[in-house]
Amino acid sequence: MENISNQYQRQTMKNWIFILVLSVMTVGYVNAQKSTLQKQGTATQLVVDGKPFLVLGGELGNSSAACTEDIESIFPKLQRMGLNTVLVPAYWDLIEPQEGQFDFTLTDKVIRQARQNDLKVIFLWFGAWKNSMSCYAPFWFKENYKKYPRAYTQKGKPLEIASAFSENVFQADNRAFSRWLEHVAAIDKEEGTVIMIQIENEIGMLEDARDYSKEANALFNASVPAELMSYLQKNKKTLHPRMLEKWESQGSRKQGTWQKVFGADIYTDELFMAWHYARYVERMAQSARSIYNIPLYVNAAMNSRNRKPGEYPSAGPLAHLIDIWHCGAPSIDLLAPDLYDNGFTDWVAQYKLHNNPLFIPEIKLTDNNGVRAFYIFGEHDAIGISPFSIEGGSDSPNSPLVKSYRTLKEFMPLLAKHQGKGTMKGLLFDQENKERIIYQDDLKITCRHFFTLPWDARATDGSVWPEGGGILLKLAPNEYIVAGSGIVIEFEKATENQIKSQALGEDGFAQAGGKGDKVISDKVMWKGARCGIGSVDEVKVDEDGTFSYIRRLNGDQDHQGRHVRISVGEFQILHVKLYEYKSVSYTHLRAHE
Ligand code: DGJ
């Protein structure tokens, strides 16, 4: 008979094995994240359910997820529009209407409706700050201004902006955020409908560049934190140029007060304020990570239209403050721009940085967003785009955004394979910026707005040109994918000597007789190889990133082999094969002359 001690040992062993198996399973479970960020070459990709995922999104208007009926009626429309992701506010005031009492009805409804309509969700925590202000803080918080103090202007005016320097503010905000996120994790960890979380919304100080409360003033007059000073020294070579300039302007000091290290102006006030917003957000992000490991980001209102800090929300997660935000909030995965101003290509270039992937959580809803989406994926390996107040958009199958998202959804597996590998260019044209020339291998590739071909009445009748744009993806030498809308592309050898030919009509014949202008003399003979279009096929991309033939586009559709084009209003994916030909017979003839 087995003695008690053996039995005990056996049982203990069994218990250990059970605990071990359980912990392996738990670790596996925790690690089996449904949504994560991964590097591929120079790109950072959002990976969802094991596959790279491009957010073809839309953000709801601020009050559109504040009642279950609205959520119920809006989400099916978003599915008809072809979105794969919806960005939805999580409102602190409705989640914690009474202090310590939580109501997750709206969150539950959002997740259920998203699943029913095949959508992923990015939640926006409208907590202590929304567009600088604290309008989404619950009533009990707002009225208890002594416990939850406000930020002050230099003149002593209290603002409806909770103070980032108050521990009470942080504790209240973070407790609600954590309780809410625990709930999200509990109901969604396995399914993974929620794929990212935005902490707060457009953080920033208004009226003045920084908070002038007593607590803020004391810290402003103290030394710049040592971790920031050592970050600047360690990362000197890769600092944002504006950060470097500001630091060098005072002699790159290694310590001192904010004004000693960076100079006495409102831009230093902004740095100081950004540091403290970032520290606050970092603590939120750490709470989030301890509950649910999911990508986290912050969004920024732009410092556009020549506005100064305080005229725009000062100290938000803006590109020129990226070093402060990175050092202060290392748990935040990316800083994201909200784009409502002109100059789209310049803005996006500012946010695709060596240390920041591009994600556009908000952009003004316009028909141009369809081609802009192509541009950012091709040019900047972007993670996604999301027009604001999306429920107001059209769900007609002919609307440009619907067509664009439909095409991009199909294109996604091929596009994702190429992100970060330097094989793609994004194209975007409007009436002012009509042309881009790309030199690649031995080719000169001239890309233009489709309306540079004057054949469509809208090109010349005074209409404002819709933007044209797309992606030029190199599969192999002389083999390309061209996708998008409203573009025309010509391929030549870069070495071809440029004998300018006459303007051609749609049929490819001279537009009118006798107008040819010879640019080089008759004595100069043709030299070198030429590039021809072998074939242009419209293709369909399959789920594994391979593509299959739909139809050949030849004759009038490729200008008898002169160019590749996609008309304004159409979205297509084209497979282009080029070939090379030379003046063999001519050289041969001359050789025997
Ligand atoms: C940017 C904000 O982030 C949104 O919540 C909304 O207020 C829009 N501006 C309105 O244009």
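Counting convention: from 1, in listed order, for ligands and their atoms alike. Worth knowing before you read on, the calculation uses all heavy atoms, side chains too, and leaves out hydrogens, waters and symmetry mates. These figures come from a predicted structure and were not determined experimentally.
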Review point. Should the ring pair Phe102 and Phe104 be called parallel, tilted or perpendicular, given that the plane angle runs from 0 to 90° and is split at 30 and 60?
Key: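 If you compare the ring of Phe102 with that of Phe104, the planes turn out parallel.
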Revision key, fill the gap. Side chain to side chain contact (heavy atoms under 4.5 Å, CB included) test vs Ile111 passes for just one of Arg115, Gln113, Lys109, namely Arg115
**Study point:** Residues Asn369 and Ser404: side-chain donor-acceptor under 3.5 angstrom
**Key:** no
**Study point:** Arg210 to Tyr212 six-membered ring, cation-pi geometry met (6.0 Å, 45°)
**Key:**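 Geometry flag: set, cation within 6.0 Å and 45°.
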Check your understanding: Restricting to pairs with a member in residues 94-104, which pass side chain to side chain donor-acceptor pair (under 3.5 Å), not counting sequence neighbours?
Key ->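 Applying side chain to side chain donor-acceptor pair (under 3.5 Å) to every pair that reaches into residues 94-104, excluding sequence neighbours, yields Trp92-Glu96, Glu96-Arg175, Glu99-Tyr148, Asp103-Thr105.
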Ligand 1: protein N/O within less than 3.5 Å of ligand N/O:
residue: ligand 1; atom: 3 (O); partner: Asn201; partner atom: ND2; Å: 2.8
residue: ligand 1; atom: 3 (O); partner: Glu202; partner atom: OE2; Å: 3.3
residue: ligand 1; atom: 3 (O); partner: Glu362; partner atom: OE1; Å: 3.1
residue: ligand 1; atom: 3 (O); partner: Glu362; partner atom: OE2; Å: 2.6
residue: ligand 1; atom: 5 (O); partner: Asn62; partner atom: ND2; Å: 2.9
residue: ligand 1; atom: 5 (O); partner: Lys130; partner atom: NZ; Å: 3.0
residue: ligand 1; atom: 7 (O); partner: Asn62; partner atom: OD1; Å: 3.3
residue: ligand 1; atom: 7 (O); partner: Lys130; partner atom: NZ; Å: 3.1
residue: ligand 1; atom: 7 (O); partner: Asn131; partner atom: ND2; Å: 3.0

Check your understanding: Is Leu219 close to Trp258 at the side-chain level, that is, under 4.5 Å between some pair of heavy atoms?
Key ->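 Side chain of Trp258 against side chain of Leu219, heavy atoms only: no contact under 4.5 Å found.
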